[in-house]
**Q** 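My questions will all concern the structure given below.
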Amino acid sequence: MESSPHVQQRTRNNDVSLSLLLKAVVFISAVPMVVLAAFVAMDVLSLSHCVYAYITLLMTSGIIIRPYLADIAALTRYVNELARDSKIDAPELSRLGAMEELSTAVRKLHYSWGSKKQQMESMISEREVLVDTIPDILLMIDENGIIVRANAAARQRFGQHLSRKKLEEVAGNELLLRAVQEVKQSFKGQEVEFYLAHPTQSYYHACIERFPVHSPGGIALIVTLQDITELKRTEQMRADFVANASHEIRTPLASLIGFIETLQGPAKDDPAARAKFLGIMADQAGRMSRLVNDLLSLSKLEMNANTVPVGAVNVATLIHKVKDGAGFLTEEKNVTIKLDIEPDLPPARGEESEIHQVIENLVGNAIKYGRADSIVTIRAWLEKKPPRDKHFKDAFSAVAISVRDQGTGIAKEHLSRLTERFYRVNRAESRKVGGTGLGLAIVKHILNRHRGAITIESTVGVGSTFTIYFHVKK
Ligand SMILES: Nc1ncnc2c1ncn2[C@@H]1O[C@H](COP(=O)(O)OP(=O)(O)O)[C@@H](O)[C@H]1O
Ligand SMILES: [Mg+2]
């Protein structure tokens, strides 16, 4: 059988240098030598006997202490190897007790150091993982503003090689850099908000803290950056929305107040003017009421945005309902509604009242923004190629409904903004037909809640087609 290196290492190595052996033997024999010399001086022992006795003494003590010396040498080599962290087994020692115990103690000490080292290493790697799982950007910088460490979020945002870069190279914003300087000098943490154009146009909320203990790694400050771009955008949208909604309500309200004042004053006794003004006032009140209803619809949809409706909705029935309900509008403009509904269309997944609201809004727009004496076509079919949309990534089919009109059409630049709240291509026209500017925003919210999709195709002068997609109810 081949001997393994493991076994080879364990073979006894009892080389002891001659000079060491001689030194030890002479040292041990020093006292008996003095006694022998005294015997010679006192004539108790002849010089030749003394020499024989000394030589015998040297040889016997040499034989006795040689294994001890060999053990000490082997142990010394063993300890040196362990200090160098090499994987070595304990040497095989002569069975002289003390040395074996010492060797066992060294081995135990080595194992306990080894397990401590392993614990330390796993603690360090745990901390690394912990720091990397923090979603905020973490930059640790030294006294000179140089990045010492960065977490995964930081590397993802600012690039892989951040260590040794200056903070201003990575996040060169005046406010941030000034705050960092102040925290460095005052030892008091600070928070700032700032904007960076690179690598992405983003707003950040930064927390800057002095590192609480002296760090062997040279970390002096920790800078945490939270991306608040989305938050800022939502804040701005909310502010815009409140301003828009107030404006939309103020206009009819101002007109109502104006007419009331006129009716109370100058037109008090003018029945013809009163009848005309009351008609306008009813229109304005109706507009306010529609606006408030639409705003309530939107807020209800926003509250339930995360619950997906899962009912089975018969789309064909709904389309017939919408057609029947649009009678008054179609007569006014002499618009004909044509239906093209695929037989055996599977049910759509969703909430009936909301899908009804979507179709109603689209058909309403098609009639209102369509030409007089034109045709509005509503189609419904099972689409085998759902649109490229995040909500249909894993779907093989969708219930599709399209509404086509023969209206003025919508220029390309408006298409992507049509579903924004209060966005209108032609403000005056929308007012004239009684629009609130919220119809398509409601449509988009309903589709989002249903995890559906919408596509808009339009040619100026020809007309528009709005197509909506719902998941098939399984
Ligand atoms: N079928 C359509 N043809 C032309 N323009 C349309 C059509 N549907 C919507 N629009 C345009 O989109 C805008 C937003 O529509 P919507 O959100 O329903 O609001 P509104 O209350 O004004 O109808 C409308 O003001 C109009 O300019
Ligand atoms: Mg509308």
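Not measured: the values here are computed from a predicted model.
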**Q** When you look at I208 and T224, which way does the side-chain contact (heavy atoms from CB on, under 4.5 Å) test go after all the steps?
**A** CA-CA 7 Å; I208 306 136; T224 323; over 6 Å; no
**Q** How many angstroms lie between atom CZ of R107 and atom OG of S103, to the nearest 0.5 angstrom?
**A** 5.0 Å
**Q** Once you measure the plane-to-plane angle for F277 and F259, does it fall in the parallel (<30°), tilted (30-60°) or perpendicular (>60°) bin?
**A** tilted
**Q** Looking only at non-hydrogen atoms, find the nearest pair between V148 and G217 and report the distance.
**A** CG1-O, 3.4 Å
**Q** Do the side chains of S246 and V242 get nearer than 4.5 Å, heavy atoms only?
**A** yes
**Q** What are the two closest heavy atoms between I355 and G350, and how far apart are they?
**A** CD1-CA, 4.2 Å
**Q** If the threshold is 4.0 Å, N to carboxylate O, is there a salt bridge linking K232 and E193?
**A** yes
**Q** Indicate yes or no: at least one non-hydrogen side-chain atom of H320 is less than 4.5 angstrom from one of I341.
**A** yes
**Q** For L339, does its backbone N or O pair with a side-chain atom of R379 as donor and acceptor, under 3.5 Å?
**A** no
**Q** Salt bridge or not for D269 and R274, using N-O below 4.0 Å?
**A** no
**Q** With rounding to the nearest 0.5 angstrom, report the CD1 to CD distance, I442 to E360.
**A** 10.5 Å
**Q** Are any of the side-chain heavy atoms of R149 and E128 separated by less than 4.5 Å?
**A** yes
**Q** Is the side chain of H445 donor-acceptor paired with the backbone N or O of A441 at a distance under 3.5 Å, no angle test?
**A** yes
**Q** Do I146 and L167 have side-chain heavy atoms sitting under 4.5 Å apart?
**A** no
**Q** What closest approach, in Å, do F194 and A206 show between heavy atoms, and which atom pair accounts for it?
**A** CE2-CB, 3.7 Å
**Q** If you measure from CG on L256 to CE on M288, what distance do you get to the nearest 0.5 Å?
**A** 6.0 Å
**Q** Answer yes or no: is there a side-chain heavy-atom contact under 4.5 Å between I249 and L295?
**A** yes
**Q** With distance as the sole test, does H471 use its side chain to make a donor-acceptor pair with the main-chain N or O of R349 at under 3.5 Å?
**A** no
**Q** Can R84 and E81 be said to form a salt bridge (charged side-chain N to carboxylate O under 4.0 Å, His left out), step by step?
**A** CA-CA 5 Å; R84 261 187 255 133; E81 285 301 316; 2.9 Å; yes
**Q** What I'd like to find out is whether the side chain of D142 reaches to under 4.5 Å of the side chain of I219, using heavy atoms alone.
**A** no
**Q** For R451 and N448, work out which heavy atoms get closest and say how close.
**A** NH1-O, 2.8 Å
**Q** In Å, rounded to the nearest 0.5 Å, how long is the span from CD1 of I134 to CG of D136?
**A** 7.5 Å
**Q** So, N151 versus D132: side-chain donor-acceptor pair below 3.5 Å or not?
**A** no
**Q** Let me see the working for T465 and T467 under side-chain contact (heavy atoms from CB on, under 4.5 Å), right down to the final yes or no.
**A** CA-CA 6 Å; T465 307; T467 311; 3.9 Å; yes
**Q** Any ion pair linking R421 and E302 (charged N to carboxylate O, less than 4.0 Å)?
**A** yes
**Q** Answer yes or no: is there a donor N or O on one side and an acceptor on the other, between the side chain of Q406 and the main chain of I375, under 3.5 Å?
**A** yes
**Q** Regarding E351 and R449, does a basic nitrogen lie under 4.0 Å from an acidic carboxylate oxygen?
**A** yes
**Q** Below 4.0 angstrom, N of the basic side chain to O of the carboxylate: do K184 and E209 qualify?
**A** no
**Q** Is there a salt bridge (charged side-chain N to carboxylate O under 4.0 Å, His left out) between K384 and E342 once you walk through the steps?
**A** CA-CA 13 Å; K384 293 285 169 50; E342 206 173 76; over 6 Å; no
**Q** In plain terms, say whether E169 and R164 are close enough for a salt bridge, that is, a side-chain N and a carboxylate O under 4.0 Å apart.
**A** no
**Q** Centroid separation under 6.0 Å, is that true for the rings of F422 and H247?
**A** no
**Q** Could you tell me how the ring of Y423 sits relative to the ring of H414: parallel (under 30°), tilted (30 to 60°) or perpendicular (over 60°)?
**A** tilted
**Q** Of the non-hydrogen atoms in Y204 and R157, which two are nearest, and what is the gap between them?
**A** OH-NH1, 2.7 Å
**Q** Find the distance between OG (S374) and CZ (R404) and round it off to the nearest 0.5 Å.
**A** 11.0 Å
**Q** Find out whether L298 and L438 are in side-chain contact, i.e. whether some heavy atom of one side chain is under 4.5 Å from a heavy atom of the other.
**A** yes
**Q** Looking at G218, is its backbone amide N or carbonyl O close enough to the side chain of S215 to form a donor-acceptor pair, meaning the two atoms are under 3.5 Å apart?
**A** yes
**Q** Would you say S186's side chain and E182's backbone share a donor-acceptor pair under 3.5 angstrom?
**A** yes
**Q** Let's go through K116 and E121 carefully: what are the C-alpha distance in whole Å and the side-chain angles of both, what is the deciding distance for salt bridge (charged side-chain N to carboxylate O under 4.0 Å, His left out) to 0.1 Å, and is it a yes or a no?
**A** CA-CA 9 Å; K116 283 232 169 66; E121 279 170 357; over 6 Å; no
**Q** Between the side chain of K333 and the main-chain N/O of K368, is any donor-acceptor distance below 3.5 Å?
**A** yes
**Q** Verify, without hydrogens or angle tests, whether K165 (side chain) and I147 (backbone) share a donor-acceptor contact under 3.5 angstrom.
**A** no
**Q** If you round to the nearest 0.5 Å, how far is CG of L362 from CG of L440?
**A** 6.5 Å
**Q** Between R427 and E248, is the closest basic N to carboxylate O distance under 4.0 Å?
**A** yes
**Q** So do V335 and L329 actually touch side chain to side chain, heavy atoms under 4.5 Å?
**A** no
**Q** Between R417 and E420, does any NZ, NE, NH1 or NH2 come within less than 4.0 Å of an OD or OE carboxylate oxygen?
**A** yes
**Q** Between N173 and L176, is there a donor-acceptor pair closer than 3.5 Å when you use the side chain of the first and the backbone of the second?
**A** yes
**Q** So which heavy atom on T330 is nearest to which on G327, and how close?
**A** OG1-O, 2.8 Å
**Q** So, R233 and E230, do they make that salt bridge, N to O below 4.0 Å?
**A** yes
**Q** Okay, side chain of D405, backbone of I367: is any donor-acceptor separation there less than 3.5 Å?
**A** no
**Q** Classify the ring geometry of Y203 against Y195: parallel below 30°, tilted from 30° to 60°, perpendicular beyond 60°.
**A** tilted
